[in-house]
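What follows is a single structure, written as structure tokens, with notes after it.
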Protein chains: 2
Amino acid sequence: MNIDTKLSIHAALEAGSRAGIPQPSLNRLPQYHHYLAELNSKGISRVSCSLIGTDLNLVPVQVRKDLQYTGIVGKPKTGYSVPELIQAIESFLGWNNVNEAFLVGAGNLGTALLGHERFSNFGLSIVAAFDADPEKIGQWIHGKAVLPLEKLADLAQRMSIHLGIITAPAEFAQAIADEMVRGGIQALWNFAPVRLKVPAHIIVHNEDLYSSLASLSWKLARRYRVPIQQDGGFH
Amino acid sequence: MNIDTKLSIHAALEAGSRAGIPQPSLNRLPQYHHYLAELNSKGISRVSCSLIGTDLNLVPVQVRKDLQYTGIVGKPKTGYSVPELIQAIESFLGWNNVNEAFLVGAGNLGTALLGHERFSNFGLSIVAAFDADPEKIGQWIHGKAVLPLEKLADLAQRMSIHLGIITAPAEFAQAIADEMVRGGIQALWNFAPVRLKVPAHIIVHNEDLYSSLASLSWKLARRYRVPIQQDGGFH
DNA sequence: CTAGTATCGCTACGTGAATATCGATACGAA
DNA sequence: TTCGTATCGATATTCACGTAGCGATACTAG
């Protein structure tokens with residue numbers, strides 16, 4: 001019995017590692033990348049997990065495990081080669097190939113993203129913006145044209161755009177997502193605070209500022225609340 | 001000194017569990033809130049977990065469990081009262097009391113957040129912006145003054161500001177965080193792609209766009225990659 | 001040349017979150 | 001009134017991530 005369970009756990013783990021990488025590890029990789037780029041610019045060519053750990057507030061084991069997912073191997077006592085590590089992370093994350101993206105919703109947040117030229121370092125290029133507001137259509141924001149929303153699906157198909165960014169208000173997000181899917185877009189980066197309904201093969205990543213804000217304000221509010229009994233709050 | 005860092009790591013990791021509500025649940029609460037507000041505006045007064053689940057793409061059990069954390073109780077067969085539920089979520093998240101915040105880094109993203117008036121619905125009020133760039137100091141962005149960074153700590157103390165938002169480039173983030181802590185700020189909302197080192201009692205919430213982008217581009221790249229040989233990819 | 005030590009890689013364990021299952025309760029229909 | 005059903009609440013199982021410990025390896029000092 002326990003052999004069975006052990007085996008199945010093992011299989012699950014194997015499958016997990018082969019098919020993917022834990023989400024938290026994936027989230028940490030860009031931080032390693034940023035840190036390593038800094039080291040590299042200082043001319044440091046080798047680095048150990050312990051060093052990364054102390055500088056980034058992580059325990060060395062975790063760093064090592066994360067880096068293993070990229071496929072790189074280090075040498076005992078020596079550590080890792082910084083340039084190789086950077087290269088490994090970039091290639092693992094697909095930052096070598098440029099992703100062209102469409103953005104919908106040329107409001108404050110959309111404008112900010114359009115102007116964020118550093119995205120190009122990470123394989124992201126926003127090629128055009130879309131909006132439903134006639135006032136905005138025809139404008140140029142940070143060198144990108146604002147086009148009418150109706151043209152999105154057709155253009156996406158002809159230009160083989162794979163990534164869509166939604167920075168429109170929540171009530172329009174679902175309709176926009178539908179249009180994007182219709183245009184053959186494969187992945188959505190959604191900044192609206194809704195859970196989009198899309199076909200199963202579409203990748204959706206939600207970037208919900210209100211969720212984060214909820215976390216924060218809850219933790220903050222909690223601090224000034226009367227001291228809570230850990231479990232005894234009830235009955 | 002390293003005791004401090006250990007503590008902060010520990011605190012960050014355990015914050016969710018010690019608090020009594022899982023982080024993911026906390027993140028979903030604003031979505032329920034948004035959804036319920038919509039129902040409420042339609043005049044619907046009662047709702048069941050199953051309904052919420054189908055509309056939000058979640059399984060009913062999960063919805064029920066999340067809602068339980070707010071302390072509300074439902075009635076079998078009837079479900080929950082929509083207004084009570086909204087009230088419970090708002091009070092649980094601390095959205096009834098206003099959090100005043102300082103923002104540092106009046107770039108694209110900072111400007112976007114300053115202009116996002118809907119934050120006021122969620123208990124957040126950004127009262128002033130700060131920057132180190134003399135060009136920006138003295139300007140008014142969306143009705144908020146841009147002040148010199150040196151004044152932050154003193155002002156924060158005098159105005160009892162508890163929340164700091166960092167939208168500056170990564171290389172300045174740590175210094176800014178230090179200033180905020182010096183000014184008595186309790187919680188940081190950090191949009192820079194770095195792990196801040198702060199005393200253990202400070203709440204930090206990282207909003208790392210590059211992490212998200214990494215997730216996305218990895219998943220997207222993976223789709224077009226040839227089936228992966230686990231170890232053979234390199235050399 | 002040998003011993004010591006820092007670091008990597010692997011396996012095993014523990015904890016917390018998601019999910020499934022079971023019993024309890026309230027409303028509606030016969 | 002009584003039975004059926006939808007829904008809530010509580011408990012148990014499964015799964016994923018983080019953590020710890022062990023052995024292996026390579027550099028360095030004497």
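We name chains A, B, ... by the order of the sequence lines, and we start the count at 1 in each one.
Between the CG atom of A/D66 and the C1' atom of C/dC8 there is a distance of 15 Å, rounded to whole Å. For the pair A/L29 CG and D/dC17 P, the computed distance is 13 Å after rounding to whole Å. Distance, B/I52 CD1 to D/dA6 C1': 15 Å, rounded to whole Å. When rounded to the nearest whole Å, the span between NZ of B/K77 and P of D/dA6 equals 6 Å. A/Y80 places its OH atom 9 Å from the C1' atom of C/dT7, with the value rounded to the nearest Å. Going from atom CG of A/N27 over to atom C1' of D/dG18 covers 15 Å, rounded to whole Å. Atom-to-atom, CD1 of A/I21 to C1' of D/dG18 comes out at 14 Å; the value is rounded to the nearest Å. Counting to the nearest Å, the C1' atom of D/dA10 and the NZ atom of B/K65 are 10 Å from each other.
B/I72 contributes atom CD1, which lies 6.5 Å from atom OG of B/S81 (distance to the nearest 0.5 angstrom). The structure places CD of B/Q186 at 10.5 Å from OG of B/S160, a figure rounded to the nearest 0.5 Å.
Along DNA chain C, the nucleotide closest to A/V61 and the one closest to A/P76 are compared, and the more 5′ of them pairs with A/P76. Remark on DNA chain D: of its neighbouring residues B/V73 and A/Q23, the 5'-side contact belongs to B/V73, judged by nearest-heavy-atom nucleotide.
Backbone-only contact: B/P24 has heavy atoms under 4.0 Å from sugar-phosphate atoms and none from a base.
Between A/Y210 and B/F122, the ring planes lie tilted relative to each other; the angle falls in the 30° to 60° range.
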Quick one: do B/W189 and A/L209 satisfy side chain to side chain contact (heavy atoms under 4.5 Å, CB included)? Show the steps, please.
CA-CA 10 Å; B/W189 197 5; A/L209 290 189; 4.2 Å; yes

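The closest side-chain donor-acceptor pair between B/Q62 and B/D66, if any, does not fall under 3.5 angstrom.
The shortest distance between the side-chain N/O atoms of B/Q68 and the OP1/OP2 oxygens of D/dC8 is not below 4.0 Å. For the OP1/OP2 pair of D/dG9 and a distance below 4.0 Å, the side-chain nitrogens and oxygens of B/Y69 include no atom meeting the criterion. Proximity of A/R64 to the phosphate of C/dC8: a side-chain N or O atom is located under 4.0 Å from OP1 or OP2. OP1 and OP2 of D/dA26 both lie 4.0 Å or more from every side-chain N or O belonging to A/T78. Using a 4.0 Å cut-off, some side-chain N or O of B/R28 falls inside it from OP1 or OP2 of C/dA18. Look at A/K75 and you won't find any side-chain N or O under 4.0 angstrom from OP1 or OP2 of D/dT25.
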